[in-house]
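One structure is given below, encoded as C-alpha cells.
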Amino acid sequence: MKVLVIGGGGREHAIVWALSRSARVTEVVCAPGNAGISQKCVQNSDRPVRCVPIDTGDLAALLRVVQAERPELTVVGPELPLSLGLVDKLMRLGFRVFGPTQAAARLETSKSFAKEFMQRHSIPTAAHAVCTSLADVRQELPRFSVPIVVKADGLAAGKGVVICQSHLKAEQTAAQMFSGTLLGVAETYVVLEEFLQGEELSFFALCDGKHAVALAAAQDHKRVGEGDTGPNTGGMGAYTGDGLLNATMERWLLKNVAQRVVDEMALEGTPFHGILFCGMMMVPQRDGTTLPMVLEFNARFGDPETQAILVRLQTDIVDIFDAAIDGSANKLTIQMQPGASVCVIAASEGYPGKYPSGLPISGLDSVHDPDTVVFHSGTAAKDGAIVTAGGRVLGVTAVSGPSSSASPSALQDALSKAYGALNGISFDGMQFRRDIGWRALRDGL
Ligand code: AMP
C-alpha cells in the first residue's frame, strides 16, 4: 500500500517511521517532510520514503499532490490542513483519509466551540465565558477571580493562552487578541476561563465516529526551562509510561470524556474520526480524590507526545488508521511495548523567541542503539549536510528495554538512552531540558 503523510515535523517523522515498519506498506510519501524523513528513516527497512515540497496551508496545492500521487491512504498530521477542510475535500474525491472533517476538527480549531460543546454535554471543564467584544469582557471579568486564563478562539500554535494575574491584564490581553496585535490575526471570539491547578495529562483516544478507545497517556513539558519555568513552547519533551494512568482512571476518561465527545459529535451530525487528544488537568479535590477536567482538545496526534507513543506501538499503525476510518476501533486490540518511553527535544538557541537557522548538525550518525530514534522536527539538507531549519530541531526518542519494564526504572532506562544519544549530537546553541519526566521520577511512576 502507498501512503501519503501530510506534514513535516517530528510527529510526521514518527508516523512515517511507524508506517515504514508496517508489513502492509510498500511506499511512503511525505509532503513536505524534512531532512530526516527524506533519508532512509528506518534501519533494516527497504520501504522507499520520498518527500515532496508543499505548503501545508495551501489547500489547492495539497489536493494537487494527492491527485498526482494517488495514495491508497492519506494521513493528515497537522491542524492547519484539518482546519482548511482537506479531509472533507479528499473524501468527496473518493480518497481514503485519516483525520477529522473540518466540522469535527472544530473541537481544536475553535476554543469557543469546544467550550460550549463541553458545557452542552456536561463534560468536565473550567468555568468560562465566550466574549465577542471588549464590552463583553468587561462585563464578564468580575465573575472570575485571579489568575484568569484568556484564550484566543482560533489556532495559535501554542501562543493563544495567557494566564493573567490581574483583571486589568486580562482586559488588556483580550483587547490585544481582538485587535490582532498579540497573535497577528484579529480574533472574533475570546474565551475567559477559570484557572485550574493540578497536574496535566495528555490522553489520546482513537475515535471511529462511534467508538473511542484508549491509545496512550503521556505527559509533555511545554515550558522552555527546567523545572517547568520560562515561556511556553510547542513542547520540549514528553514521556509515556505504564504507571502514568491506572485502569480505573483510563476507564473514567474514556467514559466521561472521549466516548461522550464521540457520541455527542455523532448526534450533532459531525462524527469524529481520528485521534482525539484530551489535554487534561487532574485537579485534586478536598476529599483526596482527583477530578480530571478538560483544558483543551486537539483533533490530531500531539507533538512531541506522538514520537514517544509510536516508539512503543506494537500494533500495525495501518490497522489503527483503518479502524478509525471504517468504524471498527472497538474490534482493535492496541498493543504497546510494556515500560516507558521519552522524547527529548533539541531546540535552537533563542527558541521560543528568535533563533538562527542553517547551522550544521553533527553526530546524527553516532546513534546506534536500537531502542533510540532521532526524529527530525526542523531540519533541512544543504550541500550534503543536515542543518537546523526550525525552533525545535530534533526529538531524541528512546524506549525502555524489556528487562526494565517495571516503573520507575523503565523511565530511567529510556531517559539514559535518550540523554546518552544527545551527548553525541550537537549544533551551535543547541538547548534541551535535562529534566524530562521529573514528575514521574519524583512520584515513582
Ligand atoms: P491549551 O492550549 O488550552 O491547552 O492551553 C495551553 C496551556 O495553558 C495548558 O497546557 C495549560 O498549561 C495552560 N492552561 C490552559 N487552560 C488553563 C486553565 N484553565 N487553568 C490553568 N492552566 C491552563
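None of these values were measured; they are calculated from a predicted model. Whatever order the structure lists them in is the order used to number ligands and atoms, beginning at 1.
- Annotation: side chain of Phe432 is not in contact with side chain of Leu394 (no heavy-atom distance under 4.5 Å).
- Under a 4.0 Å N-O distance rule, the pair Asp228/Arg433 qualifies as a salt bridge.
- Residue contact annotation: Gln197 has no non-hydrogen atom under 4.0 Å from ligand 1.
- Counting only distance, with no hydrogens or angles, the side chain of Asp220 and the backbone of Lys222 share no donor-acceptor pair below 3.5 Å.
- At a 3.5 angstrom cut-off on N or O pairs, Asn232 does not count as close to ligand 1.
- Annotation for ligand 1: atoms under 4.0 Å from non-hydrogen atoms of Lys111 are 1 (P), 2 (O), 3 (O).
- Using a 30° and 60° split on the angle between ring planes, Phe98 and Phe321 fall in the tilted class, from 30° to 60°.
- Contacts between Val149 and ligand 1, counted as non-hydrogen atom pairs separated by less than 4.0 Å, involve the side chain only.
- Listed by number with element, the atoms of ligand 1 under 4.0 angstrom from any heavy atom of Lys222 are 10 (O).
- When Lys151, His128, Glu108 are ranked by how near their heavy atoms come to atom 16 (N) of ligand 1, first place goes to Lys151.
- When each of His128, Lys111, Lys151 is tested with Glu193 by the rule side chain to side chain donor-acceptor pair (under 3.5 Å), just one qualifies, namely Lys151.
- Taking every non-hydrogen atom of Leu295 and a distance limit under 4.0 Å, the qualifying atoms of ligand 1 come out as 3 (O), 9 (C), 11 (C), 16 (N), 17 (C), 18 (C), 19 (N), 23 (C).
- A salt bridge links Asp326 and Arg96; the closest N-O separation between the charged side-chain nitrogens and carboxylate oxygens is under 4.0 Å.
- Test Glu296, Glu194, Lys115 against Thr125 for side chain to side chain donor-acceptor pair (under 3.5 Å) and you get one pass: Lys115.
- Looking at Leu196 next to ligand 1, an N or O pair under 3.5 Å apart turns up.
- Heavy-atom minimum distance, Cys30 versus Gly7: SG-O, 3.2 Å.
- Compare Val150, Ile148, Leu192, Val161 by their heavy atoms: the one nearest to atom 6 (C) of ligand 1 is in Val161.
- Ligand 1 does not have Met293 within reach: every non-hydrogen atom of the residue lies 4.0 Å or more from it.
- Of all atoms in ligand 1, listed by their number and element, those nearer than 4.0 Å to a heavy atom of Glu200 are 9 (C), 10 (O), 11 (C), 12 (O).
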